[in-house]
Amino acid sequence: MTTSHPLSLAEELVLITLDDETGKLISSAKPYALDIGIAASLIMELTLKGRIDTDPDRLFVVSTAPTNHPMLDALLDEIAAEKNTLSTAAWLTRLAKQGERLIDEVVQGLVERGILKTVEKRLLWVFKTRVYPPSSGIEEREVRARVMQLLNSDDIPEPRDALIVGLLRATDLMNYLLSASEQERLQARIDHIANLEEINRALSKAVHDAWEAIINSVPVIRIC
Amino acid sequence: MVTNVDFKLSGRVDATNAQQSEDLIMAMLQNIDQDFTIDLSELDYISSVGLRVFLKTAKALKEKKKKLVLAKPTGPIHDLLIMSGFDKIIDIQL
């Protein structure tokens with residue numbers, strides 16, 4: 001059964017990340033980008049609900065009042081319990097370690113709402129695997145249309161729309177929405193919209209730092 | 001040069017009081033059919049949630065074909081507005 005309750009940023013991100021045909025998560029170009037992205041989407045939702053706030057130096061709790069959303073409330077409790085003050089990028093890097101579990105929880109929530117369906121498949125006739133194709137695809141098409149309309153106009157974005165643009169930019173999912181030529185044409189607009197929000201800038205930094213860490217951990221083979 | 005100030009923000013604006021400022025500004029916009037100027041000369045700090053008030057105000061004014069002017073921001077606030085790219089959609093007057 002579907003509900004009319006609006007989608008959260010995490011749900012929108014997961015819907016765009018799922019391949020409609022296979023029902024599997026499409027791989028983002030940068031490792032860990034989706035894990036960091038899903039953590040960011042939950043933090044963004046908490047800022048939209050007035051529970052936390054950020055500035056370029058720190059992320060801080062404004063209110064611990066429950067949101068009545070189990071995932072958000074668990075995250076809010078974790079942030080509130082931290083005694084040290086951390087930057088937004090530091091929080092994203094830390095929460096990204098729970099990325100896989102967070103994505104699974106969002107997917108399950110979408111299944112419960114009837115937006116995704118569960119299909120069991122057999123791999124090599126032996127191993128069972130579970131995929132999540134959309135029930136109708138209406139919700140995902142609505143998100144894509146909203147983003148495309150914003151990118152192709154000079155409208156001032158709503159905060160929620162600026163945040164989803166930042167999520168798609170940081171996770172390289174713009175590649176799935178736009179052709180290469182469209183992306184080139186719209187890159188300045190994408191960057192402008194995304195950079196309006198501090199969390200988007202912190203998100204891009206966290207993804208970049210994670211990528212750098214991976215590059216730096218690869219042993220250098222010296223050919224003499 | 002700033003000639004006319006419609007609203008003044010002072011002290012700190014963050015998630016604890018941003019909604020209050022937004023509500024006041026939006027109520028004022030109901031009766032305004034001209035550009036709207038917010039004086040930032042006494043604003044010491046603004047968070048991400050606070051900055052969203054400017055975006056929402058600019059959006060509401062754009063729908064009326066009017067513009068938002070942010071006047072006299074102090075150095076750190078001005079830097080933050082530039083870093084966030086607000087100067088590309090909002091008129092900032094020093």
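What you are looking at is a predicted structure, and each value in this text was computed from that prediction instead of being measured. Chain letters run A, B, ... following the sequence lines, proteins first and then strands; every chain starts at 1. The figures here come from the full heavy-atom set of this structure, side chains too, leaving out hydrogens, waters and symmetry mates.
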Colleague: Could you look at Leu80(B) and say if it's the side chain, the backbone, both or neither that has a heavy atom under 4.5 Å from chain A?
Modeller: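 Just the side chain, heavy atoms under 4.5 Å.
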
Colleague: Rounded to the nearest 0.5 Å, how far apart are CD of Glu63(B) and CG of Asp155(A)?
Modeller: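 If I round to the nearest 0.5 Å, the distance is 8.5 Å.
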
Colleague: Given the rule in the salt bridge (charged side-chain N to carboxylate O under 4.0 Å, His left out) test, do Asp154(A) and Lys62(B) qualify, once you have shown the distances and angles that lead to the verdict?
Modeller: CA-CA 11 Å; Asp154(A) 66 348; Lys62(B) 191 172 182 187; 3.4 Å; yes

Colleague: Heavy-atom pairs under 4.5 Å with chain B - which of Val62(A), Asn200(A), Ile52(A), Thr88(A) has more of them than the others?
Modeller: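 The answer is Val62(A).
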
Colleague: Looking at Gln108(A), I want to see if its CD is surrounded by more than 12 non-hydrogen atoms of other residues, nucleotides or ligands under 6.0 Å.
Modeller: yes

Colleague: Which value, rounded to the nearest 0.5 Å, describes the distance between Leu59(A) atom CG and Ser47(B) atom OG?
Modeller: 11.0 Å

Colleague: Take atom CD of Gln20(B) as the centre, draw a 6.0 Å sphere, and report whether it contains more than 12 heavy atoms from other residues, nucleotides or ligands.
Modeller: no

Colleague: Under 4.5 Å heavy-atom distance to chain A, tell me which part of Leu51(B) shows up: side chain, backbone, both or neither.
Modeller: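 Answer is neither: Leu51(B) stays 4.5 Å or more from chain A.
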
Colleague: Highest number of heavy-atom pairs under 4.5 Å with chain B: which of Asn195(A), Asp53(A), Thr47(A)?
Modeller: Asp53(A)

Colleague: Hey, are the side chains of Arg52(B) and Glu197(A) touching, using non-hydrogen atoms and a 4.5 Å cut-off?
Modeller: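 In contact.
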
Colleague: Where on Lys59(B) is there a heavy atom nearer than 4.5 Å to chain A: the side chain, the backbone, both, or neither?
Modeller: both

Colleague: Counting only heavy atoms closer than 4.5 Å, note whether Ile193(A) contacts chain B via side chain, backbone, both or neither.
Modeller: neither

Colleague: Less than 4.5 Å to any heavy atom of chain B: does that hold for the side chain of Arg201(A), its backbone, both, or neither?
Modeller: side chain

Colleague: Judged by atom type as modelled, is there a donor-acceptor pair below 3.5 Å linking the side chain of Ser48(B) to the main-chain atoms of Thr54(A)?
Modeller: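 At least one qualifying donor-acceptor pair exists.
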
Colleague: Look at atom CD of Glu212(A) and say whether more than 12 heavy atoms of other residues, nucleotides or ligands are closer to it than 6.0 Å.
Modeller: yes

Colleague: After noting the C-alpha distance and the side-chain angles of Ile89(B) and Leu196(A), does the key distance pass the side-chain contact (heavy atoms from CB on, under 4.5 Å) rule?
Modeller: CA-CA 10 Å; Ile89(B) 48 176; Leu196(A) 291 169; 3.9 Å; yes

